[in-house]
Amino acid sequence: MDLNRRAVLGALGGLAFGGALAATVGQVAAAPFDQSTKPFGWTPHKLDAAACAKTAYEGYWFNDYGCCYGAFYAIVGTMAEKFGAPYNQFPFTMMEVGKSGISEWGTICGALLGVASAYSLFWGRKERNPMVTELFRWYEQTAFPMYNPGEAAQGVKGELPTSKSDSVLCHISVSRWCYTSKLAQSSKERSERCSRITADVTAKGIAILNAKIDGAFKPEGKSEAVAYCGECHDKGKAADNAKGLMDCRPCHSGSEHTQNKFQNHP
């Protein structure tokens, strides 16, 4: 009996090993840069900009994840809540990296990064870049914040001072607001301001997304400053040495704020 039992177990073990080996041999290693769906293969859905603005505002405060997370979740997370897969398979906390201009570096406004990243799930650069440009140019030219959560405010209630940044950079956007409002960048008011901007950027980003889905999106041209500087600095011009679409004036205006502050700083 023991011999028969050992023989059966041995046979089963051999079958299991053989099956595992066959499965291993049958597996095809993923090629470099492979992904489970075709590039930009997710389908975008139209969203309610006002409802998503509220989600973006709340997402900013959720676990202190900040602007990029709030904006991205308000778009892709809303699709996840409404439509399930594949949207609910995204690791949303990854977008927390964009907080405060990417890990506190004050570079691109995290809300802008969140919306642009959401676009990139659906469209490649030929279609996406005009959408990003439209959003970013609007951000440069708009006095923020506009959104007001009313009694649902999680930082400071009531109206806040506004300012126009002429820049998509967190550093400049925050600094100009602080200069205008006479409030510290470390203040609760500044955090509230950025949470409201997250809602503003999301609402505008969704308006662009919805127009794109409807086939009604029509991008605008370059800003006056970029067009002027491009006369010399664009590709093929005399000084083809400046890259980017940002408004040039905040860093190259020659004002007292853009002079050398490493020498004789007051």
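The structure displayed is predicted, hence computed values, not measured ones.
Side-chain polar atoms of R193 and S173 form a donor-acceptor pair below 3.5 angstrom. Residues E58 and Y73 have side chains that never bring a donor and an acceptor to within less than 3.5 angstrom of each other.
Taking the six-membered ring where the residue is Trp, F90 and F92 present tilted rings, their angle falling between 30° and 60°. Note on ring orientation: taking the six-membered ring where Trp is involved, the planes of H45 and Y87 are perpendicular (angle over 60°, cut-offs 30° and 60°).
Summarising the geometry, atom SG belonging to C109 is positioned 8.5 Å from atom CZ belonging to F136; distances are rounded to the nearest 0.5 Å. To the nearest 0.5 Å, the span separating CD1 on I206 from CG on N210 amounts to 7.0 Å. Note that the CG atom of D48 and the NZ atom of K54 stand 12.0 Å from one another [nearest 0.5 Å]. Atom-to-atom distance recorded for E140:CD and I172:CD1 is 9.5 Å, nearest 0.5 angstrom. Distance check: C68 SG to L113 CG gives 4.0 Å after rounding to the nearest 0.5 Å. Put simply, NZ on K99 and SG on C194 are 10.0 Å apart, with the number rounded to the nearest 0.5 Å.
Side-chain contact check for E220 versus E134: some heavy-atom pair is nearer than 4.5 Å. A heavy-atom distance below 4.5 Å is found between the side chains of T37 and Q35.
Counting all heavy atoms, side chain and backbone alike, Q185 lies closest to V174 at CB-CG1, 4.0 Å. Scanning all heavy atoms of the two residues, the minimum distance from V201 to L135 falls at O-CD1, 3.9 Å. Residues G98 and C67 approach most closely at O-SG, 4.1 Å, considering heavy atoms. Between W61 and Q154, the shortest heavy-atom contact is CB-OE1, 3.2 Å. L47 and C52 get closest at one heavy-atom pair: CB-SG, 3.9 Å. Nearest heavy atoms, F72 versus L121: CZ-CD1, 3.8 Å.
In the hydrophobic clustering of this structure, F40 does not group with V115; members are Ile, Leu, Val, Met, Phe, Trp, Tyr whose side-chain heavy atoms approach within less than 4.5 Å, directly or through other members. With hydrophobic clusters built from ILVMFWY side chains whose heavy atoms lie under 4.5 angstrom apart, M79 shares a cluster with I213. In the hydrophobic clustering of ILVMFWY residues, with side-chain heavy atoms under 4.5 Å counting as a link, L183 and I197 come out apart.
With R190 contributing its side chain and A184 its backbone, the two residues share no donor-acceptor pair below 3.5 Å. Counting only distance, with no hydrogens or angles, the side chain of T107 and the backbone of G101 share a donor-acceptor pair below 3.5 Å. Put simply, the side chain of Y119 never gets that close to the backbone of G114: no donor and acceptor are under 3.5 Å apart. Within the 3.5 Å criterion, the main-chain N or O of N129 finds a donor-acceptor partner in the side chain of T133. Panel note: side chain R196, backbone N148; no donor-acceptor pair is recorded below 3.5 Å. Here the side chain of D166 pairs no donor or acceptor atom with the backbone of Q141 at under 3.5 angstrom.
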**Q.** Pair W105-S100, side-chain hydrogen bond (donor to acceptor under 3.5 Å, both in side chains): steps then yes or no
**A.** CA-CA 7 Å; W105 269 73; S100 297; over 6 Å; no
Q: Check the pair S191, Y60 against side chain to side chain contact (heavy atoms under 4.5 Å, CB included), reporting the backbone distance first and the verdict last.
A: CA-CA 9 Å; S191 294; Y60 174 96; 3.9 Å; yes
Q: Decide side chain to side chain contact (heavy atoms under 4.5 Å, CB included) for Y139 and L112; before the verdict, give the C-alpha distance in whole Å, the side-chain angles of both, and the deciding distance to 0.1 Å.
A: CA-CA 8 Å; Y139 183 99; L112 293 175; 3.8 Å; yes
Q: Start with the C-alpha gap between I208 and F217, add the side-chain angles, then the distance that decides, and say whether side chain to side chain contact (heavy atoms under 4.5 Å, CB included) holds.
A: CA-CA 7 Å; I208 293 171; F217 172 66; 3.8 Å; yes
Q: Start with the C-alpha gap between K82 and T78, add the side-chain angles, then the distance that decides, and say whether side chain to side chain contact (heavy atoms under 4.5 Å, CB included) holds.
A: CA-CA 6 Å; K82 289 178 176 290; T78 298; 3.8 Å; yes
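Contact check on D214 versus K212 returns no salt bridge, with no Lys/Arg side-chain nitrogen under 4.0 Å from an Asp/Glu carboxylate oxygen. Here K157 pairs with E151 in a salt bridge; the nearest charged N to carboxylate O distance falls below 4.0 Å. A salt bridge is absent between K188 and E192: the closest approach of a Lys/Arg side-chain nitrogen to an acidic carboxylate oxygen does not fall below 4.0 angstrom.
You'll find the ring centres of Y65 and F62 inside the 6.0 Å limit. In this structure, W177 has its ring center at least 6.0 angstrom away from the ring center of F144. Residues Y147 and Y57 bring their aromatic ring centres within 6.0 Å.
For K182, the NZ atom sits in a packed shell: over 12 heavy atoms of surrounding residues, nucleotides or ligands are nearer than 6.0 Å.
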